[in-house]
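The structure appears below as structure tokens.
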Amino acid sequence: MEIHFSPEQLAFRDEVREFLKQELPADIAAKVKLGKHMSKEDHERWQKILSAKGWYAPGWPVEHGGTDWGPVEKHIFDEESAAAGAPRLVPFGVNMVAPVIIKFGNEEQKRTYLPRILSGEDWWCQGYSEPGAGSDLASLKTRAVRDGDHYIVNGQKTWTTLGQHANWIFCLVRTDPEAQQQRGISFLLIDMATPGITVRPILTLDGDHEVNEVFFDDVKVPVENLVGEENKGWTCAKYLLTHERTGLAGIGASKAALRHLKRVASKQQKNGKPLIEDTLFRSQIADVEIQLMAAEMGTLRIVAAASEGGVPGSESSILKVQGTEIRQAITHLLRKALGPYALPFLPEEMEYGYDGEVLLEDYSPSLASSYFNMRKLSIFGGSNEIQKNIVSKMILEL
Amino acid sequence: MEIHFSPEQLAFRDEVREFLKQELPADIAAKVKLGKHMSKEDHERWQKILSAKGWYAPGWPVEHGGTDWGPVEKHIFDEESAAAGAPRLVPFGVNMVAPVIIKFGNEEQKRTYLPRILSGEDWWCQGYSEPGAGSDLASLKTRAVRDGDHYIVNGQKTWTTLGQHANWIFCLVRTDPEAQQQRGISFLLIDMATPGITVRPILTLDGDHEVNEVFFDDVKVPVENLVGEENKGWTCAKYLLTHERTGLAGIGASKAALRHLKRVASKQQKNGKPLIEDTLFRSQIADVEIQLMAAEMGTLRIVAAASEGGVPGSESSILKVQGTEIRQAITHLLRKALGPYALPFLPEEMEYGYDGEVLLEDYSPSLASSYFNMRKLSIFGGSNEIQKNIVSKMILEL
Amino acid sequence: MDFKLTEEQQMLKETAERLVRDVYTFDKRMEFSDSEAGFSTAFWQQMGELGLTAIPFPEELGGFGGTGIETMLIMEQLGKGICLEPYMESVILAGGLIAQLGNDSQKDELLGAIASGELQAAVALDELHSHYDLSHVTTTAKAQGSSYVLNGRKGVVIGGQTAGKILVSARTAGDICDQQGISLFLVDPSAAGVRRRVYSTVDGRKGCELFLDNVEAELLGNAGDAYDAIRYQSGRAIAALCGEAVGAMRTACDLTLDYLKTRKQFGVPIGKFQVLQHRMVDMISELERATSMAILAACLADDEDSAERSAKLSAAKFTINRAARYVAEQSIQLHGGIAMTWEYNGAHYAKRLVTISHQFGDDDHHLEAYANQLSLS
Amino acid sequence: MDFKLTEEQQMLKETAERLVRDVYTFDKRMEFSDSEAGFSTAFWQQMGELGLTAIPFPEELGGFGGTGIETMLIMEQLGKGICLEPYMESVILAGGLIAQLGNDSQKDELLGAIASGELQAAVALDELHSHYDLSHVTTTAKAQGSSYVLNGRKGVVIGGQTAGKILVSARTAGDICDQQGISLFLVDPSAAGVRRRVYSTVDGRKGCELFLDNVEAELLGNAGDAYDAIRYQSGRAIAALCGEAVGAMRTACDLTLDYLKTRKQFGVPIGKFQVLQHRMVDMISELERATSMAILAACLADDEDSAERSAKLSAAKFTINRAARYVAEQSIQLHGGIAMTWEYNGAHYAKRLVTISHQFGDDDHHLEAYANQLSLS
């Protein structure tokens, strides 16, 4: 047993660090660290830099433009990226639809879509959730009716993250209305420019526009946009959800947030001293730091097992719960650190490049908003209750 | 609205205080405060003193020897008794079987049993729980078959608290094996001296002998010992359980335990100072004290509503959960206060009058044991999960 | 001991309840929030007309001589509607400070106007690094003839954006955290040297940052002696916030309960799932705790000043802060995605509930305050 | 990075596993507990014969040069059987202290005997008011010719009831909580002036109180310089306890899981109730956390002394204490009444788990230790 990285792994880490130091634009890193708004252009700029290095799609097979990294290297890359303040990659193209196309798509689909994801030409979004189907994904209602060479799609999707930037959407649609639940669902790729598609913003409770509703009104989709077999879309959906669950513990992001917390607590004061010197507050930081240490060890254990070919079972659900609770605890402490200054809501100060009067500090405007925004972590990606159901099923076998 | 007691109530409180000061034997109070073992004689002695004052059965109607106290007076009496270190009354006679007899018994039964409870001649225990039926009381299996003037009882009861001292037991028995669940159950009074009854001690995890198993092997019980109608025992059971739930929050006991905690934390040291001056430990005491304050206010609200004729609904279940969690948190802190000295298990020092070498302090031997023993609070009397089920049913109406 | 309302109290409660119900639909609330004032000046006027703003004041001012109980009844209804008006700030806190510290002419001039709702006042106690410590005052006041000149900055003045008068704590003597040497001043927001930076708050209200540059202001009470009154009146504000929180929690619980009964997943109402049932019970349990402590706070709010009163008010605020956060977070969790949206009213209850913990002391602040004076017997 | 066991480690684990499984049935365990020694001297001897007591020592002593990993593997199995033998106390702690501080003749004389199991040693560090502070030493030692005379009292010496040697921390200079001036001594329990009050512990072990009245004892290491070694070796003890706790937690979880599957209430296995399911998942989650931190502690236990090693060992013990308590309490709660009984093995796992938090620092102690050195970057 050995908890330290091997010399090769350390060398790789140094290479990643050096790359990030040289290539990650300072303005983007500053936005990430201070919780400022990221523009579409910011995402695209960083993605192009990664693509040029060949590191945009580490998880893809080499022949499609991926890397030969193992789980440990991927983990190191993610950790270092988060530590350096690199933006989290928008996953819908590179890490969601692409794996499905690689696994279930035909050659034509691979040739068409994968290069455009790599190059940044296409921006994908997801069409999974529906208003009536939250955790109960299989109860979805969006219909696709075959009409010659096309499907005619009608229905509504929701929680479509960054759909306002996307030119493509992958959708789960019901192609056999008679079939029960999971059966009769198909996986369709839809060009957002097709007539009949409307994107409506959903403002989240922190006032941010990150998610959207997408309406389909007699949208004509060519049949060649079907991935896998008709009515067998649930297979793709399941594969994608499993893929999505890894990394949901968000250790790298939490470590960055914890560093931020310490910085904030060193500047904020209580009783005339930095807040971090307050016994109660400091012990709360220590508590969450220890929890994070344990979750990081847990992640490393899964990563190590994966590099030996192991398939994570209940551990990844457990880590998703632990990881999101840790992240939420950190955002709680960050908000708390501001005292009465958690109240001011200053969207203008959350824009990068704001050059007006700063009310408190550069870090302060985003903290309360971020606390509220991060409540989503225990809801989306399979709520924490659903994760516990998954584990229960595995361990109880009842 | 007024949270203070009225002048009349304050006068009553003073009267109770004075009585306790004069009449509560010092050795009994010391045992209670230090968590020493109480003998049967201790209980009987205190009960006789209360009976002589006419305060042993405050909840009974005056004509049977009770008092005319309202809920507030009863509450004051309980609080003051706990504060003074009076032992908790063994409830099985005076507060469990007696209310059932008063409500459902015939005149003969009232004439026979109530005076003997008041005088202390009879010591009752309960025959409710069975090994197979924990929270699912209605699944009980002990059979009573009518045979002329008698029932023949066969079966097993468990968790019979202080059954080793009892000469009578009240039992739920199944008189109609065909009937579903709650139907077909009867409420029987059984003389423990009847042939065929065996009492076997159950040692609890802290090494104490408080509960027992009771076995019935062809035990002949006269039919006149049936309370209420045959097969209608569930009505008595439900009435008794409701009766039992009031006071389960145990505010008085928790207040006494909290005072004890402060005393212990003032004597135990950490870093060369009394433990109570340690910021982290002190804030944990403060936290539980505040929780207790809230629970006490909650209890007073129920008590006040009851004296206006209100019937407590979900509030008493909620308070049972809060109250037991508070008590358990206090026992956790008491154990923690001892540091390494929580380890020694010294049953001899838990006996009152022990005159050997005291290992640490008079209070120390019982603290770890008591922590383990008090785990029962969230299990017995309707587990905390069952309490939450009860509340769910009331509020969700699903 | 008695937890019943008198007939007058019951009427008062119903008056407030009706007013909030009639005016404060969710859509209206969002409109008020977006308005320049940040609340409904019409509603404020109605509160004045119905006598609600006069409640704590003596009868000769059109008041009721109301105590913490009456305040709680009103605040609870305002909490149920997550109303935006600076009732606590103007009526309870500013009104209380003037009543306690003001001389006769100040009381004559101001209290009647506050009681009628004609004057909306605000109070500026916080500073950049004060973090709930009322004695952390760096803003200075220097005597200049019969008045004073103030310099400094006060932070997060809720209601300050529209206030006709702002009560400002400033230091006439002593060091930063000395309790002695703190004085209270009446600042006219339109006076020379006053700058207000107005902003919205995360719970949909408005407030301002107050910059004071050689501002002439009138002393309220004796110079250097204001700390005890500020602490005492902040205790009344805490009791009022507890009442508001209970109202908001109750609505948040009602919304969640309703959602559990009606929202279906996997073919059944989600309230059929035991884990969600028990979570709901835990929310109700927190609400019960909070209600008990809000009543305690209400009963003590107008008691004579004492260490015990302060400690119990800290206990109440601590309980409320914890309960409010739990109810806010779990109401979002049990709703799922829908509660993450701006359009859903539940989200705004959650935001108000969490924000309350940032006013007049968070959980750490009050736990420490309580622990510091822990009775050892 | 690698979490696999080597072939030798796998064999070691299986050896310990088999031995515990074969010997430590629950009935036997209760017999051992009731015996005068308080553990099985036969089992202890078998551990010696199988080389388990020699594991951490160098090959020339019949050992393995084992590190924290090997210790963890053994302790985990001992935890699974809630075994009573003072393995940590004698082999890890006493053995480690002698190896670190002893001169050649002391090592020659003692280490081989400890490695073979022939000598069972104990360590006396705690005192009446030390509350986990290893520098809180009031027991005194005065030089007298080439040896020392000890006076004082040491508390809760686990394994002290049967130990052939007891290592005692005593003060040769300095004030109560000074780290300087603490020395370590080899005390022969049969020496004149030694009195042992032997008692059982709540987790079914035995230990003693050690009263020293002018006891002649041999110095181990340099006078006044023992603190660092005591702290360092206590860190190894902490890592070992973490391993034991994980073993005991795993069995407690297995027992509970099994109970949920088989115990029926309301006509179904109680594991069908979602609230109990999720509670079980929370227990497993704590076990996972604890396992991760026990591995971390094992990997660091034999590293060079550093502030980082100490901090991470504190983090591990903190995690283990919290997890152990949660698993203990919830395993009782999910079992209901049956787990409240002495006859049920699960109750004894719960007791051992809670007791572990009282050895070498509880949650507050280690949270404070970790917080005190919190890295600020």
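Remember, it's a predicted structure, so these values are computed and weren't measured experimentally.
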Going through the checks in order, is the side-chain contact (heavy atoms from CB on, under 4.5 Å) test met by D:Asp363 and D:Lys317?
CA-CA 7 Å; D:Asp363 51 343; D:Lys317 187 64 168 40; over 6 Å; no

Proximity breakdown for B:Gln328 and chain D, heavy-atom pairs closer than 4.5 Å
neither

So, the part of B:Ser139 with a heavy atom under 4.5 Å from chain D: the answer is neither

Of D:Arg279, D:Glu329, D:Gln359, D:His365, the largest count of non-hydrogen pairs under 4.5 angstrom with chain B goes to D:Glu329

Cut-off 4.5 Å, heavy atoms of chain B, and the answer for D:Ser357 is side chain

With ring pair (Phe, Tyr, Trp, His ring centres under 6.0 Å) as the rule and sequence neighbours excluded, what pairs involving residues 330-351 of chain D come up?
D:Phe26-D:His348, D:Tyr259-D:His335, D:His335-D:Tyr344, D:Trp342-D:His348

Which atoms of B:Glu349 come close to chain D, meaning under 4.5 Å heavy atom to heavy atom: side chain ones, backbone ones, both, or neither?
side chain

Where at least one partner belongs to residues 324-374 of chain B, residue pairs that pass ring pair (Phe, Tyr, Trp, His ring centres under 6.0 Å), sequence neighbours excluded
none

If one checks every heavy atom of B:Leu343 against chain D at 4.5 Å, the contacting part turns out to be both

Of all of D:Ile158, D:Val275, D:Leu276, D:Val354, which one pairs up most often with chain B through heavy atoms under 4.5 Å apart?
D:Val354

Go through D:Ala350, D:Gly155, D:Gly337 and name the one with the most non-hydrogen pairs under 4.5 angstrom from chain B.
D:Gly337

Side chain from CB out, backbone as N, CA, C, O: work out which of these in B:Ala368 comes under 4.5 Å of a heavy atom of chain D, or both, or neither.
side chain

Could you tell me which portion of B:Pro131 (side chain, backbone, both or neither) has an atom closer than 4.5 angstrom to a non-hydrogen atom of chain D?
backbone

Can you tell me which portion of B:Asp278 sits under 4.5 Å from chain D's heavy atoms? Options are side chain, backbone, both or neither.
side chain

Residues of residues 320-328 of chain D near chain B, each having a heavy atom less than 4.5 Å away
D:Arg325

Closest heavy-atom contact between B:Gly323 and B:Ser254?
O-OG, 4.2 Å

Look at the rings of D:Phe266 and D:Phe273 and say which category their plane angle falls in: under 30° parallel, 30 to 60° tilted, over 60° perpendicular.
perpendicular

Does atom CD of D:Gln373 have more than 12 heavy-atom neighbours from other groups under 6.0 Å away?
yes

For D:Asp362, is it the side chain, the backbone, both or neither that has a heavy atom under 4.5 Å from a heavy atom of chain B?
side chain

Residue B:Glu348 excluded, over 12 heavy atoms near CD under 6.0 Å:
yes

Cation-pi between D:Arg153 and D:Phe211: NZ/CZ under 6.0 Å from ring centre and within 45° of the ring axis?
no

Only pairs of heavy atoms separated by less than 4.5 Å count here; which of D:Arg263, D:Lys206, D:Gln265 has the most with chain B?
D:Gln265

Turns out that what part of B:Lys273 lies under 4.5 Å from chain D's heavy atoms comes down to neither

Specify the closest pair of heavy atoms between D:Arg197 and B:Leu359, including all atoms of both residues, with the distance to one decimal.
NH1-N, 3.5 Å

How about CG on B:Asp362, more than 12 heavy atoms from neighbouring residues, nucleotides or ligands closer than 6.0 Å, or not?
yes

Near D:Lys261 NZ, under 6.0 Å, is it more than 12 heavy atoms from other residues, nucleotides or ligands?
yes

Counting only non-hydrogen atoms closer than 4.5 Å, does B:Asp206 touch chain D with its backbone (N, CA, C, O), its side chain (CB onward), both, or neither?
backbone

NZ on B:Lys376 to OG1 on B:Thr204, rounded to 0.5 Å:
7.5 Å

Based on non-hydrogen pairs under 4.5 Å, which of D:Leu128, D:Thr355, D:Ile332 is most in contact with chain B?
D:Leu128

Among the listed options D:Lys351, D:Arg205, D:Lys264, the residue most often paired with chain B at heavy-atom distances under 4.5 Å
D:Lys351

Of all heavy-atom pairs between B:Leu338 and B:Gln268, which one has the smallest distance, and what is that distance?
CA-NE2, 3.8 Å

By ring-ring contact (aromatic ring centres under 6.0 Å, His included), which residues pair with B:Phe281, not counting sequence neighbours?
none

